[in-house]
Each structure stands twice: as structure tokens, then as C-alpha cells.
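Chain naming here is simple, since letters A, B, ... match the order of the sequence lines and numbering starts at 1 in each.
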2 protein chains.
Amino acid sequence: MVFLYHCVYMINIMQTEHDNLGGSAQDLPLYQQIKRKILLALEQKVWRSGELIPSENDLATLYRVSQGTVRKALDELVAQHFLLRRQGSGTFVATHQEEQSKYRFLHLANIAGNFEDSQNRILLCAHQKAPAIVYECFSMGPEHIFVHIRRLMSFKNQPVVLEDIWLPCPLFSELNLELLQSWQGTMYGLFESHFGTHMVRAHEKITAELPNEISVEFLGIAPSTPILNIFRIAYTYGDHPVEVRQSQNLTNDYHYANNLS
Amino acid sequence: MVFLYHCVYMINIMQTEHDNLGGSAQDLPLYQQIKRKILLALEQKVWRSGELIPSENDLATLYRVSQGTVRKALDELVAQHFLLRRQGSGTFVATHQEEQSKYRFLHLANIAGNFEDSQNRILLCAHQKAPAIVYECFSMGPEHIFVHIRRLMSFKNQPVVLEDIWLPCPLFSELNLELLQSWQGTMYGLFESHFGTHMVRAHEKITAELPNEISVEFLGIAPSTPILNIFRIAYTYGDHPVEVRQSQNLTNDYHYANNLS
DNA sequence: TAGTGGTCTAGACCACATA
DNA sequence: ATGTGGTCTAGACCACTAG
């Protein structure tokens, strides 16, 4: 029975939590405590991306709370895209393989406001030093090495985005050109399935700039063309930064679409 | 008793809904039906911005459902910023006067990632024709007139944003320069308190451009300076568009901050 | 002290997916 | 047929606000 299998893991985690919080759990509501425990289990990879987690009833038994309390914890985790519910099937760890998450981290739309599939070309994948800002983002010393990826994205076969990506090295050391070129799907899907790193959120700083030399070359534009510059830091479980990305976007035919609410 | 006062309104609304949906309410879950009724009441200004709405128990009695079902409807409305809960006090119609909504529709942050208060100068407030795109956004014929506002926003007394705002005319006809200049607070707060129009969401299209002549003049920049251009349509209850705004943002010292999740 | 929202429970029934 | 999540109910108790 799946339930018993998970029990072994979960009891460990429950007790770890118990120790950390000193019994009273800081007076957080029960459902918040359970939410934390599930998040910790996700961070510690008790359940992997795409896997089925125990049913609401099993979790309720495990945590010694009612099913309604588990449900409230799951509600929030689903709203934050950590989990995915399928009625009749169960609750699953969210992945970047799902159709619906294809444009979750890519907000570039055409004039009509629709998202299009991109054609991608990997220009570079090397172990290198990185710009100073990258070291700051990861709080790492200057001796560290990063995997540096450069990618050109085209829409309707017109180059639109040139991005430089830096990934910390112990974790992504095995990443190479062949793997990137053969992969069908989003980059975050690749990171998840081959490196066990699931991106949960990102922060972007958007500015208007003049293009760098590489953008001029690969986007085929004049050096005076205004470029939408996006500087992104992406985070995995536990708010650990695991990717820094700078992209230069040609916004003649496309725009960054954002909903405020 | 406040409860009885509201009953008169609510019963009308309930019956309107009932007629529209033909009894079976399209098989929507109860809490979704109640959410719709509350949204309709907000749209029809049964309760005004900032006002207390009936308690969960009163609403439950009114709609003949359990308090838990009302709560689930309110949960979603609060998450979408339509309502605001205050424990011990009650549930209120959300406003743009609250401190927390000051930067809800202004995502410009300084290098450290913090939001700053702006100094605003109204350059223009006139009843005018508008660019063609504005007519499209409102689905209005070319005979219509709009209120056109031009505003310069500065941070640390350096001009950073120049925005042009178009508002449809029957609704905002009374808007004038004196009112705009004397108003302390956000523009959406003004629209809400003086024109009964509460913005609930907006969509932005962001591009990099060269500045228009007016931006060159008022931002004090060279015509070749890249500018972050934001084209916004803002909506009130019922997804009716009520504002079109184009802003040109100088992103030398500030950036558009966006969280993806 | 009374009324409000916030948490938690227990149990019923429904809709859906899978075998 | 079974087990899953989805909805709905009724009731208890707690935390907070205000008169």
C-alpha cells in the first residue's frame, strides 16, 4: 500500500519539524503547519515532480488532523502551483511538462495578444566564470564556475530573443550542448527531469536598453534599436536561487504581456 | 438592523439572477453562484467601495446556504481583491485608498528593488478626441470625446514617467485640472471616490521604444534614449474597460518589477 | 459583552477516473 | 466497484474588534 511506504518518510519529516518548532509550532494554524510540512517534503524530494502524493484522507490520518484541514493546506499549495489536483485520480507534484505551464515563465505575446511557439537555437553551452552580478545573486565567491547557456529564440522564424543563462555548477555540471539541442520542451522542463530542480517562482527586472554586441549580431538589428531587457532570478523550493537569466527582446512585433490584479 | 436593509436589495438581485439562469443556475457549484451574485451586487453598487457588507451568517441566511459555502465564495473574492476581511469587524468592499494597494498598479522599483513615493505634476486635462487605438479599446465610434490627462511622475524629484490617460466621457466628464491637482492619493483612488469607478484589473503591453516628442521634452532626454513603453487597459467590475493609458518610462535608475509564479 | 471573521472537525453526497 | 477529489452542511471553539 502506497500509504505505508510514504509513512516512513513522512514520520521522519514530521519529527524534524517538531524539533525545529519546539512542540508548539509557533502557534501557526494547523493547516499552515501542514502546508509547511508538505513544502519541506517537496524540497527534500520525498515526492518527485509529477508523482502522486498520498490522498487527502491518508494525509489526514498521517498528520492526525481532519480531511478538511489537509484540504485547506492543499488548496493553497495548488493555488501557488506547487501541486496539481486531478479529480478522480489524486494530487500530484506540479511539473513544467504540463501544457498549461508552457507560457508561465514566457510572457512574450504577438500583436493580437496570443502566445506562439518558438524556434530555439542554442548558441553556447560552456563552463565559465560569470559577470559579477551573477555572483551576487547566488552569494558565491569569485572562484565559482557556472554553466553559461546562450540561446536564440525565434517566432515565425524571425529572431526575437537572445538570452544568456547562468546556472550554478555542482548542480548543473552535466548539462551540455547535445542534451540542450536534443531536448524537446521547455528549459525548465529539462532542468526538472534531468537535474531534479523545479522552478517555483521568478523575479524579473525589466528595462529598456540598447542591445549588446551579441544581440546586434544575432537579432540582426541596428545598434540603435531599443531593446526590452529582462533580468531574471529563478528560485526552486525553499526560495533558493538556481538560475540567473538576462534576455534581450526585440519588441517590434511582440510585447511583454502582463496582467495586474 | 443592517441585515434587513440589505435584504431588499439582495432579494431583487437574487431574483434577477434566477431569471437569467433559468432556475438550474447552469449547474455551477453553489459557492460560484453566490460569488456571481456578490459580484453583480458590487457592479450594481448595492455596496459602495469601503462599505461593510453583511456578515457571513447574514449572507448565508439570505442565500439559504450554509455559512461555509458563503465563506468559500468570499475566500475567492478576497483573493481577487474584490473584498477585504477584517477579523472582528467584518467584510468590506475593497478600495484603492488602502496603503497596501498603493503599488498594486505601479510596478516601478528602484535599483534596490524598493518602491518609492512619486511626485506628480499634471500637465494636461482636456476633453479631446483620442488616437484611433483608444476608440478600438472602448469599441466606440469616432464621434466620442475623451478626457485626456497627461501626467509627469518624478522620483526623488527626477522625472521618470510621462503618461497619457484617456477616460470615456459621460463617466468622467466632471474631471478637471483643479480636482487632479488638489487630490492627494492615487489616481485610481480619485476615480473611485469621485466617479464611483473602481478598477479591478488591468492588462499591460510592454515594449522598448524611442521616446515621443513630449517624453523627450519633459523627461529631459535625448531622442535616441531607449524608453520602456507601457500600454495599459484597465477594467472595472464586469470587465468593462474604463481607462486606456500609455506611459513612457525612463529606466536608467528604475525598472519594471514583476514576479512570476 | 456581543458580534465578527478564523480554524477545525465529522460526515454526507456528488463527479470523475481507473481498473 | 472502488477510490479520488469537489461540494455542502452543521456545529464547536478561538481571536479579534468595538461599544
**OP:** Please list, chain by chain and in numerical order, all residues satisfying side chain to side chain donor-acceptor pair (under 3.5 Å) with B/Thr95, sequence neighbours excluded.
**Re:** B/Glu98

Subject >> Sub-4.5 Å side-chain heavy-atom contact between B/Ile165 and B/Val147 >> reply: no

Original post:
Hey, are B/Asn110 and B/Glu116 close enough side-chain-wise for a donor-acceptor pair under 3.5 Å?
Top reply: yes

Original post:
Which of residues 81-88 of chain B sit near DNA chain C, with a heavy atom under 4.0 Å from it?
Top reply: B/Arg85, B/Arg86, B/Gln87, B/Gly88

Original post:
Between residues 67-76 of chain B and DNA chain D, which residues have a heavy-atom gap below 4.0 Å?
Top reply: B/Thr69, B/Lys72

Subject >> Residues B/Ser247 and B/Asn249: side-chain donor-acceptor under 3.5 angstrom >> reply: yes

**OP:** Pull out every residue in residues 89-98 of chain B that has a heavy atom closer than 4.0 Å to any atom of DNA chain D, ordered by number, or say none.
**Re:** B/Ser89

Subject >> Near-ring test A/Tyr235/A/His240, centroid separation under 6.0 angstrom >> reply: no

**OP:** Among B/Phe105, B/Phe191, B/Trp183, B/Phe195, find the one that has a ring pair (Phe, Tyr, Trp, His ring centres under 6.0 Å) with B/His96.
**Re:** B/Phe105

Original post:
Within a strict 4.5 Å, meaning less than it, do heavy atoms of the A/Met187 and A/Met199 side chains meet?
Top reply: no

Original post:
If you write DNA chain D from 5' to 3' in dot-bracket form, with Watson-Crick or G-U pairs under 3.5 Å, [ ] for crossing pairs and | for pairs with another strand, what do you get?
Top reply: ||||||||||||||||||.

**OP:** Indicate yes or no: at least one non-hydrogen side-chain atom of B/Phe231 is less than 4.5 angstrom from one of B/His203.
**Re:** no

Original post:
Without hydrogens or angle criteria, can the side chains of B/Lys72 and B/Gln32 be said to hold a donor-acceptor pair below 3.5 Å?
Top reply: no

**OP:** Without swapping roles, check the side chain of A/Lys45 against the backbone of A/Gly196 for a donor-acceptor pair under 3.5 Å.
**Re:** yes

Original post:
Is there a side-chain contact between A/Arg85 and A/Glu56, using heavy atoms and a 4.5 Å cut-off?
Top reply: yes

Subject >> Salt bridge present between B/Glu51 and B/Arg48 (N-O < 4.0 angstrom) >> reply: no

**OP:** Could you list where the contact with chain B starts and ends along DNA chain C, reading 5' to 3', using a 4.0 Å heavy-atom cut-off?
**Re:** C/dG3 to C/dT7

**OP:** Return yes if some donor-acceptor pair links the side-chain N/O of A/Gln97 with the main-chain N/O of A/Gly189 below 3.5 Å, else return no.
**Re:** yes

Original post:
Within 45 degrees of the axis of the six-membered ring of B/Phe92 and under 6.0 Å from its centre: does B/Arg86 put its NZ or CZ there?
Top reply: yes

**OP:** Could you walk me through whether A/Lys102 and A/Phe115 pass the side-chain contact (heavy atoms from CB on, under 4.5 Å) test, one step at a time?
**Re:** CA-CA 10 Å; A/Lys102 205 155 92 176; A/Phe115 296 107; over 6 Å; no

